[in-house]
Amino acid sequence: MKTPSTSELLVQEARTAERLRLLMLANECKTIEEFRQRLQELTNRQ
C-alpha cells in the first residue's frame, strides 16, 4: 500500500467535508422537498 500524496489527501478531505455538509443540511430540513429546494439553491449559487 502506497502513502497517499498531499493532493489525494486533500481530495479525500474535501469529499468528507461535502458529505458532512449535506448531512447537516438534510438534518435542518423537515421534508425531502425542502432539502431538494435548499440543495438546488446551493447548486445555483456555485
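All residue numbers in this chain count up from 1 along the given sequence.
In this structure, the side chains of R15 and V11 come closer than 4.5 Å at one or more pairs of heavy atoms.
For the atom pair Q37 CD and T31 OG1, the distance stands at 10.0 Å (nearest 0.5 Å). Separating the CD1 atom in I32 from the CG atom in L39 is a distance of 9.0 Å, to the nearest 0.5 Å.
Side-chain contact annotation: Q12 with E8, donor-acceptor N/O pair under 3.5 Å absent.
A donor-acceptor contact shorter than 3.5 Å is absent between the side chain of Q40 and the backbone of R36.
Between R38 and E41 no salt bridge is recorded (no basic side-chain N to carboxylate O distance below 4.0 Å).
M24 and L42 fall into different hydrophobic clusters, where Ile, Leu, Val, Met, Phe, Trp and Tyr side chains are chained together by heavy-atom contacts under 4.5 Å.
Residues L22 and F35 approach most closely at O-CE1, 3.8 Å, considering heavy atoms.
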